[in-house]
Structure formats: structure tokens, C-alpha cells
Q: 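Here's a structure for you.
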2 protein chains.
Amino acid sequence: MKQISSRFSIAVHILSLVATIPSECTGDFIAGSVNTNPVIIRKIIGLLKKAGFVEVRAGVGGTSLRKPADQITLLDVYRAVEVIENGELFNFHNHPNPNCLVGSNIEAALRAELRDAQAAMEQRLGQVTLAQLITKFK
Amino acid sequence: MKQISSRFSIAVHILSLVATIPSECTGDFIAGSVNTNPVIIRKIIGLLKKAGFVEVRAGVGGTSLRKPADQITLLDVYRAVEVIENGELFNFHNHPNPNCLVGSNIEAALRAELRDAQAAMEQRLGQVTLAQLITKFK
DNA sequence: ATGGTTAGAACTATACTGGTTACAACCGGT
DNA sequence: ACCGGTTGTAACCAGTATAGTTCTAACCAT
């Protein structure tokens, strides 16, 4: 199966860097720490900027947090970079046959369960802030 | 982003059909209820068969449950059809720079959180059995 | 044997990911 | 006012997953 893209883990990596050593945070430096291409970093920073988490000074280099690290949860980051159509993690097959007992009922019943499962995951992500994550570095 | 494939919802649909109207369950009939191609159905039934949930009588048509519906959870189905490499829903970027404070620490710290989030979702899926889902049809 | 069925290979179109190159726009310092 | 380092994007590519199709072989009850 296709996993949730690494944009998410990279975004958390970026924010952790900006939160801990903001003075060094040029795109190239971040790319070196993440070990990828600077353009990938810029794209993700663009998403984080759009979400209001970071501020970027164009030209001169340097990215800084616009929100304190204890007010950014992993869920916030997840939602900023993993843009899913209508927010649903689980894909549902289209148009089950309405003339069939199962076909006409499964969608509502299963969708509710899937929504709850997704909510459980997101709730867990929402419990962890960037600040909490960073304290685990040593 | 890429959602979790519809194989999962289709698999639940198939099992619901087999559990409620087993006598009718040829591949074509199921395909009609799911509203897709019979080959798609056969592929997914193949996975469910491999996982030991259904039994198929080749040639004559008809699929039946090999386990009672109250002993099959949505998590079981999920794991049978959404085969993820090493079981991890979240993808992690490869080889952060070990010479960087953040790069060398983020992997372990973040991976733990992601594992917990995934576990929360799976735990929720594991609470619902096929039997429970079916009782919601009317 | 025949017809309905299951099993699966091979192929296509589409789309997302991660990555690259290239170029324009920006800005601080000399 | 230029220059070098930087950010912001567009365009493109290879690899891979999904969903679907067509086709063929194997199966089995009648």
C-alpha cells in the first residue's frame, strides 16, 4: 500500500530545526539535515508558511516560527502538509448498488466507523506538541 | 495525498455480502453490488481467502465465511488487504543527517509518536466486528 | 460435454511521490 | 547599485500504486 507521504515527517523535522537552531535555517542547511534536495524543503516550507507556522525572509535566508512550539501539535503539521481531499484518510469505493441490501447500507455504516478510526489517530497526533518532541533530543 | 485504497472498503463490502446473502455470492453478483469489475472482486477475494476469512468453491460459484462474523474485525480485514511494507502507515524520510542534533534525534522520537497514532487507529478498527456492522443494515 | 464460474496473467490509463534542473525574484552588504 | 546567497516556482522525469480491462486457463455440477 501507499504510505502517508514523508512530507509529514520532513515537515516535523523542519519545524524542529527552526525551533532549536533558527539562526542556521537556510533551505540548504535544512536540506542537509533532512538529507534531501533543497527544493523539496522549499515546497514543504511553503505549505508550513501557508498554514501560518513559519515566517520566511526571502532573499536573505532564515526561517522562524510564528507560533510558540508548544502551540503546534503534530496534528496541525499533518493537516498542513498532507492535504487529503475532503479530509478522509480512507478511500471509499464509489456508488455501491442502491438496489442491494448491503450496497445501500454499507456506505453510511462503514463510513462512520472509518471516520472514528481516523479521529482516533488524529486525536493521538493532536496530543503531542512540537515543544514536547524537542525535549526528547539530547 | 493518497488515501488508503478502496480495497479495504470493498473487502468489507464483500464480507458483508457473504455474511448476509451467501447463496447469491458469485463474483458477478458481488461486482454488481459493489459496482465495479468482477476481476477486482476476485483479486480482493483472493486476499481474503489467503487470510483465511472466506472459502471459495471454484467452478460452481459461491463464497462462504470460514469464520463467524463476530470473530472478524475491521482491523483483520484492513490487515488482510492493505499490505503495507513493515506495517507502517507513516512513511519516514530516509537517513536524516546524523551529524545534526535534530537529524540524529528526530527519527526515534517521531517514529514512536507515529507508531502510537497508528496504533490508536488500529485499536479503533479492532473494536468493530463484521457482525456488529451488519446489524446496522435494515 | 457444456455452461457458468473461479483464477490469474498481461496490459492500460491515471495519479502521486520524490527528485532534478532551470530561472525569476528578492534582499543585505560591500 | 551591483553582487552573492537565498527564496519561490515551474517544468519535467522515473518509479510505483490504483483501478480497470481483456483474455485465457482451469474447475465443476448438471
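Within every chain, numbering begins at 1; the chains are lettered A, B, ... in the order of the sequence lines, protein sequences first and strands thereafter.
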Q: Mind calculating the distance between CG (A:N37) and P (C:dT21) to the nearest angstrom?
A: 8 Å
Q: If you look only at pairs with a residue in residues 31-84 of chain B, which of them pass as a ring-ring contact (aromatic ring centres under 6.0 Å, His included), with sequence neighbours excluded?
A: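 ring-ring contact (aromatic ring centres under 6.0 Å, His included) check on residues 31-84 of chain B returns B:F8-B:Y78.
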Q: Taking atom P of C:dG18 as reference, at what distance in whole Å does atom CG of B:N91 sit?
A: 6 Å
Q: Could you tell me which residues satisfy side chain to side chain contact (heavy atoms under 4.5 Å, CB included) with B:L47, sequence neighbours excluded, listed by chain and number?
A: B:R7, B:V81
Q: How many whole angstroms separate atom NZ of B:K50 from atom C1' of C:dG8?
A: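 Checked: the NZ to C1' distance equals 11 Å.
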Q: Would you confirm whether B:D76, through its side chain, and B:I72, through its main-chain N or O, come within 3.5 Å as a donor-acceptor pair?
A: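 Judged by distance alone, no pair lies under 3.5 Å.
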Q: Round to a whole Å and report the spacing from CD1 of A:I44 to P of C:dG18.
A: 8 Å
Q: Between the base of C:dG18 and the side chain of A:R7, is one N or O donor paired with an acceptor at under 3.5 angstrom?
A: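 No such pair is found, so the answer is no.
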Q: Between C:dT21 atom C1' and A:K43 atom NZ, what is the distance in whole Å?
A: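 Taking NZ of A:K43 and C1' of C:dT21, I get 11 Å after rounding.
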Q: Holding to side chain to side chain contact (heavy atoms under 4.5 Å, CB included), I want the full list of residues that pass it with B:Q71, two or more places apart in sequence or in another chain.
A: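 In terms of side chain to side chain contact (heavy atoms under 4.5 Å, CB included), with neighbours along the sequence ignored, B:Q71 is linked to B:P68.
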Q: Not counting sequence neighbours, which residues clear salt bridge (charged side-chain N to carboxylate O under 4.0 Å, His left out) with A:K136? List them please.
A: B:E113
Q: So, is B:K49 near the phosphate of C:dA7, with a side-chain N or O under 4.0 Å from OP1 or OP2?
A: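 Answer yes for this pair, as a side-chain N or O of B:K49 is under 4.0 Å from OP1 or OP2.
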Q: Determine which pairs satisfy side-chain hydrogen bond (donor to acceptor under 3.5 Å, both in side chains) with at least one residue from residues 49-70 of chain B, sequence neighbours left out, and list them in order.
A: none
Q: Identify the 5'-most and 3'-most nucleotides of DNA chain D with at least one atom closer than 4.0 Å to a non-hydrogen atom of chain A.
A: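 That gives a stretch of D:dG5 to D:dA19.
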Q: For B:H93 and C:dT17, give me the distance from atom NE2 to atom P, rounded to whole Å.
A: 17 Å
Q: Just the table, please: protein N/O against nucleotides 2-5 of chain C N/O, every pair under 3.5 Å.
A:
unit_1, atom_1, unit_2, atom_2, d
C:dG4, N2, B:G59, O, 2.7
C:dT5, O4', B:G59, O, 3.3

Q: C:dG19 P sits how many Å from A:R42 CZ, rounded?
A: 14 Å
Q: How many angstroms lie between atom CG of A:N35 and atom CD1 of A:I10, to the nearest 0.5 angstrom?
A: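 Rounded to the nearest 0.5 Å, the CG-CD1 separation comes to 10.0 Å.
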Q: Considering just the side-chain nitrogens and oxygens of A:S6, establish if one lies under 4.0 Å of OP1 or OP2 belonging to C:dT17.
A: no
Q: How close or far is atom P of C:dA7 from atom CG of B:L47, stated in whole angstroms?
A: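 Between P of C:dA7 and CG of B:L47: 12 Å.
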Q: Kindly say if A:S5 contacts the phosphate of C:dC16, meaning a side-chain N or O under 4.0 Å from OP1 or OP2.
A: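 Negative; the distance criterion is not met.
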Q: By the side-chain hydrogen bond (donor to acceptor under 3.5 Å, both in side chains) test, which pairs, at least two apart or in different chains, include something from residues 9-19 of chain B?
A: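 As it turns out, the side-chain hydrogen bond (donor to acceptor under 3.5 Å, both in side chains) pairs with a partner in residues 9-19 of chain B, which skip direct neighbours, are A:H93-B:S9, A:H93-B:H13, B:H13-B:S33.
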Q: So, using side chain to side chain contact (heavy atoms under 4.5 Å, CB included) as the criterion, who are the partners of B:P38 when residues are at least two apart?
A: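 Partners of B:P38 by the side chain to side chain contact (heavy atoms under 4.5 Å, CB included) criterion, ordered by chain and then number, come out as B:D28, B:A31, B:R42.
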